[in-house]
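Okay, structure first, notes after.
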Amino acid sequence: MTTHDQPVMSKKQLVKSICIALVIGAVVLITAVLPAEYGMDPLGTGKLFGFNELYIADDSKINKDALQEVPLSFKKLKLEKLGSPTSVSKPLEANNPPPVEQYIEQSDTILVEVPAGKGIEYKFKALKYGSVKYEWTTANDKVVYIDFHGEVKQDNPPENVFYESYTLAYSNNMAGTLTVPFEGKHGWYFRNDTKKNIIVTLRLKGQYKLFDK
């Protein structure tokens, strides 16, 4: 029978081996793992050996930081910009009483294409005190300028038509309810300040009528 003597490591050698392994692990962590995996390079070894080029930043953090650092370039909206200038008088027809019956409730979904660098209006007809719920959103969350407003129905409207603004905003989405203050045309002016057309999806539900195309 053949026997083999297996070397037995003493406690001192075992401790020494563990210490050497810990030192090697720490060196690898600092020189390679931290620069490559976490973008941290305390000793500059990641740049020296090229490990920092392996680091891929978290996109969500980049996007969040970018949003925080880049200031919005939109002009601030002022109360004075709401509706017609003071030189345009509110028509007497705005004081007409509400109708005995409102339009029959309906719902629609409309796609409005806002040309690049231009504005476009979309309106519906509604009677005084009618109720209309609305929701609109842009494709790809692109921001547009909006003026949500109404024009009084007049038999002989002047050249400078009176209009009343309900909301001015820069946004990519909005929802709400309009209690119509007077009979007439109500809706949105959408302006696209980008270089590409923007599609707005508009949903309506309530007492209104669409204009014939």
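These values consider heavy atoms only, across backbone and side chains, with no hydrogens, waters or symmetry-generated copies.
Checked by atom type and distance alone, the side chain of Asn192 pairs as donor or acceptor with a backbone atom of Thr194 at under 3.5 Å. Within the 3.5 Å criterion, the main-chain N or O of Tyr163 finds a donor-acceptor partner in the side chain of Ser84.
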Kindly indicate, with the supporting measurements, whether the criterion side-chain hydrogen bond (donor to acceptor under 3.5 Å, both in side chains) is fulfilled by Gln106 and Asp108. CA-CA 7 Å; Gln106 65 181 70; Asp108 292 279; 2.7 Å; yes
With side-chain hydrogen bond (donor to acceptor under 3.5 Å, both in side chains) as the test, would you mind laying out the steps for Thr138 and Asn172 before giving the verdict? CA-CA 5 Å; Thr138 60; Asn172 58 3; 5.1 Å; no
Would you sort out whether Thr167 and Ile146 count as a side chain to side chain contact (heavy atoms under 4.5 Å, CB included), showing the intermediate values? CA-CA 8 Å; Thr167 303; Ile146 67 110; 4.2 Å; yes
Please walk me through it: do Leu178 and Ser131 pass side chain to side chain contact (heavy atoms under 4.5 Å, CB included)? CA-CA 6 Å; Leu178 170 68; Ser131 179; over 6 Å; no
Step-by-step side chain to side chain contact (heavy atoms under 4.5 Å, CB included) determination, Tyr189 to Val114: CA-CA 10 Å; Tyr189 168 73; Val114 188; over 6 Å; no
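Expressed to the nearest 0.5 Å, how far CZ of Arg203 lies from OG1 of Thr137 amounts to 11.0 Å. Put simply, CD1 on Ile110 and CG on Leu210 are 5.5 Å apart, with the number rounded to the nearest 0.5 Å. Within the model, atoms CG of Leu127 and CD of Gln207 stand 8.5 Å from one another, a figure rounded to the nearest 0.5 Å. Summarising the geometry, atom CD belonging to Glu93 is positioned 5.0 Å from atom CD belonging to Gln154; distances are rounded to the nearest 0.5 Å. We find the NZ-OG1 distance between Lys205 and Thr109 to be 11.5 Å, quoted to the nearest 0.5 Å.
Hydrophobic clustering of Ile, Leu, Val, Met, Phe, Trp and Tyr side chains at less than 4.5 Å, counting indirect connections, unites Met174 with Tyr122. Under a hydrophobic-cluster definition in which Ile, Leu, Val, Met, Phe, Trp and Tyr are linked whenever side-chain heavy atoms come within less than 4.5 Å, directly or via other members, Val143 and Ile199 are assigned to different clusters. Using a 4.5 Å cut-off between side-chain heavy atoms of Ile, Leu, Val, Met, Phe, Trp and Tyr, with links allowed through other members, Phe182 and Val161 fall into different hydrophobic clusters. Under the 4.5 Å side-chain heavy-atom criterion for ILVMFWY residues, no single connected hydrophobic cluster contains both Tyr129 and Val180. Tracing side-chain contacts under 4.5 Å through hydrophobic residues (I, L, V, M, F, W, Y), one reaches Leu204 starting from Ile120; they form part of the same cluster.
Annotation: cation-pi pair Lys185/Phe124 absent, no NZ/CZ under 6.0 Å from the ring centroid and within 45° of its normal.
Residues Glu113 and Pro115 approach most closely at O-CD, 3.5 Å, considering heavy atoms. The shortest non-hydrogen separation linking Ser165 to Asp147 is OG-OD1, 3.0 Å. The shortest non-hydrogen separation linking Tyr103 to Ala126 is CE1-CA, 3.9 Å. Considering all non-hydrogen atoms of both residues, Ala116 and Asn197 come closest at N-OD1, 2.8 Å.
Residues satisfying the ring pair (Phe, Tyr, Trp, His ring centres under 6.0 Å) criterion with Tyr145, sequence neighbours excluded, are Tyr170. Residues forming a ring pair (Phe, Tyr, Trp, His ring centres under 6.0 Å) with Tyr134 (at least two apart in sequence, or on another chain): Phe148, Trp188.
Contact annotation: the side chain of Leu168 approaches that of Leu82 to within less than 4.5 Å [non-hydrogen atoms, C-beta and beyond]. Looking only at side-chain heavy atoms (C-beta outward), His149 and His186 stay at 4.5 Å or farther from each other. Contact annotation: the side chain of Phe211 approaches that of Lys125 to within less than 4.5 Å [non-hydrogen atoms, C-beta and beyond].
Around the OH atom of Tyr166, the shell of radius 6.0 Å holds more than 12 heavy atoms that belong to other residues, nucleotides or ligands.
Ion pairing between a basic and an acidic side chain is recognised when a charged N comes within 4.0 Å of a carboxylate O; Lys153 and Glu183 show such pairing. We find that Lys123 and Glu121 are joined by a salt bridge, their nearest charged nitrogen and carboxylate oxygen being less than 4.0 Å apart. The pair Glu164-Lys90 counts as a salt bridge, with a side-chain nitrogen and a carboxylate oxygen less than 4.0 angstrom apart.
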